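Notes to accompany the following structure.
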Amino acid sequence: MGNRSNEPLQNLSLLKSNEMISAKYKSTLLENQVMAIALTRIEVNSNEKDAQLEAKLYPGELKRLVSDDAHIYRDLKRLAKSITGHTMVIEDGKGNFQAFSVVPNAEYSEGVFTVKFNNVLREHILGLEKNYTTLELSVMTDFTQNSSFRIYELLKKDIYKSRPDINNGAVQVLYNISEFRFMIGLANGDDPVVRNEMARMGKKIDWDVLYQKLDKKDRKYEKWYDLQKCVLKKAQKELLEKSDIKFEFEGIRDGHKMGSILFTIHKNQPSAEVIERQKAMLKDEMNRQLEIPFDLEQYKPLYDEFVGHNELTKEDLDLLLKKAQYQVDVVRDAIDRADRQPYLNNYMGWIISCILKDYKEVDVVEGSAKRGAEVREMMNEYEEGKRTGEVQRIAWERIQKKEDFEDFSKMIEDNGLTMEALPTIYSPAEMVRMYTDWKVGREISF
């Protein structure tokens, strides 16, 4: 495989060994989707076995997955931190396994997000000739549930067995329910107790025992009813709508407890509208990749000066340059005029208007000088509250007391996070936004 860093995304599929697809690991939907894109962009510029495997991604192509425009660079930093902290366990079907960090290093520099992969993955993603599965990137980046992503991978690897003259093309596969939980991230394989116990077990891994070793908080949807409702049925619906496979499932009892899940897999054909939408999204991301680079010499001083100024982001400055037809002085002058306003309800919006309408005078607060001073004082207090996070912290505390907070918590956990970990990853403002988006049915960016 050669250098694919500039190959259009909409033409790419992802190849993985079936061993890698069946691996056990804990990750969020966002991490899985960004990793999927990165694996299609692996650059191999040397035939040497020890050559570094790495992929270069650009913020423009990750916008839809990672964040809103205003926070993409902050969120890429968090993403780099989170994807370097996961352990993957790959088994060979003969009782042997490997446990390793998938991404030893990820970094963002000069407008490029670089993911460096563990060399163990080489045999699972490069030069595959047998026991591999082709996965559609447009489908994988369209899922909104982490369980849908992982179940799609797991079931897709078995659809090759489908024969029209046998069982109407249906394929059946049985999974131990505890092992299945580790596979789709409902059980935390990163837990050191689990890793130590696996090492002790050697070739005879008992997934039921490992599952019980986890703390209660790390065992998601333990009840069969909850697993069906919150995981399997949601994935079933999403795969039917968006992917090239669909499935039914049945719980198989082992004595008094549910021990296994029997999946019946069929080929599927999403609607033409869905297929076109998926292709269009990837094409749009490819086009955004080609937007103005961050490190062009004539623009770099502007970014150095104003990224972080009054919460302006690199993305904000991209937009301001575009509105100003890439005239740096016009952007700098508009920011300076905005900074001299006594109060602006929409700082970024005012700067854009200043550029487009060529404002010449500084606006003033209507009324007396005393009233203007009072308004400025109140707004300074409010902005200070926003800056310190006090306003958002109080709002988040109130949200946690709402009746539907338990349902919100289940949604968070279904996406590979825990409520205990949420405040360590996201600010109160971000958690409030998540709840608000969930409440009104908007897609949430993790």
Side-chain angles (χ1 to χ4, degrees), residues 24-33 139-140 142-156 173-191 207-208 210-212 214-243 245-254 257-265 268 399-400 402-422 425-426 431 434-446:
K24 285 79 177 176
Y25 58 95
K26 178 78 170 177
S27 56
T28 66
L29 175 64
L30 170 61
E31 291 163 358
N32 282 330
Q33 290 178 322
V139 174
M140 299 174 80
D142 196 25
F143 288 131
T144 59
Q145 301 286 330
N146 195 37
S147 52
S148 300
F149 183 102
R150 284 295 289 137
I151 290 173
Y152 170 73
E153 286 190 306
L154 285 172
L155 301 188
K156 181 68 184 290
V173 59
L174 186 70
Y175 284 103
N176 169 277
I177 198 167
S178 295
E179 184 177 11
F180 177 76
R181 292 175 186 276
F182 279 100
M183 284 176 166
I184 68 170
L186 294 181
N188 186 10
D190 289 338
D191 190 290
W207 293 103
D208 292 329
L210 288 177
Y211 185 67
Q212 293 304 319
L214 292 170
D215 285 343
K216 191 78 172 176
K217 63 181 177 62
D218 287 327
R219 301 203 297 264
K220 308 304 178 190
Y221 308 113
E222 280 193 272
K223 295 180 181 178
W224 173 241
Y225 172 82
D226 292 336
L227 184 65
Q228 290 183 83
K229 176 185 175 183
C230 301
V231 177
L232 296 171
K233 289 184 178 179
K234 287 185 177 180
Q236 187 178 48
K237 180 180 178 181
E238 196 162 24
L239 264 66
L240 176 64
E241 177 190 345
K242 299 177 179 179
S243 85
I245 61 172
K246 58 185 177 181
F247 69 91
E248 289 97 38
F249 64 90
E250 177 187 353
I252 307 297
R253 289 193 172 276
D254 180 7
K257 68 182 181 71
M258 199 64 70
S260 305
I261 307 174
L262 178 66
F263 288 96
T264 302
I265 317 162
N268 183 47
I399 286 171
Q400 293 178 77
K402 292 181 177 290
E403 291 183 0
D404 60 2
F405 187 73
E406 184 176 350
D407 292 333
F408 173 75
S409 300
K410 285 184 177 180
M411 180 278 298
I412 291 294
E413 292 169 351
D414 189 39
N415 281 275
L417 295 172
T418 65
M419 293 308 298
E420 292 82 3
L422 204 65
I425 301 174
Y426 299 100
M431 292 188 292
M434 279 184 188
Y435 173 82
T436 303
D437 288 345
W438 170 78
K439 188 76 174 176
V440 300
R442 282 196 295 263
E443 184 175 339
I444 298 174
S445 297
F446 288 94

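None of the values given here were measured: they were computed from a predicted structure.
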Exercise for review: Taking atom NZ of Lys223 as the centre, report whether more than 12 heavy atoms of other residues, nucleotides or ligands fall under 6.0 Å from it.
Suggested key: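 Incorrect, the count does not exceed 12.
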Check your understanding: Does CD belonging to Gln212 count more than 12 external heavy atoms closer than 6.0 Å?
Key ->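 Yes, because the 6.0 Å sphere around CD of Gln212 holds more than 12 heavy atoms from other groups.
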Which pair of heavy atoms, one from [X] and one from [Y], lies closest together, and at what distance?
X: Met258; Y: Gly251; value: SD-C, 3.4 Å
X: Asp404; Y: Trp438; value: O-CH2, 3.5 Å
X: Met140; Y: Gln33; value: O-NE2, 2.9 Å
X: Asn176; Y: Ser178; value: OD1-N, 2.9 Å
X: Phe143; Y: Lys242; value: CA-NZ, 4.3 Å
X: Lys220; Y: Arg181; value: O-NH1, 2.8 Å

Exercise for review: Answer yes if the ring centres of Tyr152 and Phe149 are under 6.0 angstrom apart, and no otherwise.
Suggested key: no
Exercise for review: Determine, using ring centers only, whether Phe263 and Phe180 are less than 6.0 Å apart.
Suggested key: yes
Point to revise | Identified side chain to side chain donor-acceptor pair (under 3.5 Å) counterpart of Ser148 within the set Lys237, Glu238, Lys234 | key: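 Answer to the side chain to side chain donor-acceptor pair (under 3.5 Å) test with Ser148 among Lys237, Glu238, Lys234: Glu238.
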Is [X] reaching over with its side chain to a backbone N or O of [Y], donor-acceptor style, under 3.5 angstrom?
X: Gln228; Y: Lys233; result: no
X: Asn146; Y: Ser27; result: yes
X: Gln236; Y: Lys246; result: no
X: Lys26; Y: Gly185; result: yes

Review point. In terms of the angle between their ring planes, are Trp207 and Phe182 parallel, tilted or perpendicular, with boundaries placed at 30° and 60°?
Key: tilted
Exercise for review: Take Phe405 and Met419 through the side chain to side chain contact (heavy atoms under 4.5 Å, CB included) test and state the conclusion after the steps.
Suggested key: CA-CA 11 Å; Phe405 187 73; Met419 293 308 298; 3.4 Å; yes
Check your understanding: Between Arg150 and Glu153, does a salt bridge (charged side-chain N to carboxylate O under 4.0 Å, His left out) hold up when you go through it step by step?
Key -> CA-CA 5 Å; Arg150 284 295 289 137; Glu153 286 190 306; 2.6 Å; yes
**Study point:** From CA spacing to verdict: salt bridge (charged side-chain N to carboxylate O under 4.0 Å, His left out), Lys24, Glu179
**Key:** CA-CA 8 Å; Lys24 285 79 177 176; Glu179 184 177 11; 2.7 Å; yes
Point to revise | Among Leu155, Leu262, Thr264, side chain to side chain contact (heavy atoms under 4.5 Å, CB included) partner for Val173 | key: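 Only one option passes, and that is Leu155.
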Point to revise | Side-chain heavy-atom pair Lys257, Trp224 within 4.5 angstrom cut-off | key: no
**Study point:** Test log, rule side chain to side chain contact (heavy atoms under 4.5 Å, CB included), inputs Ile184 and Ile151
**Key:** CA-CA 7 Å; Ile184 68 170; Ile151 290 173; 4.1 Å; yes
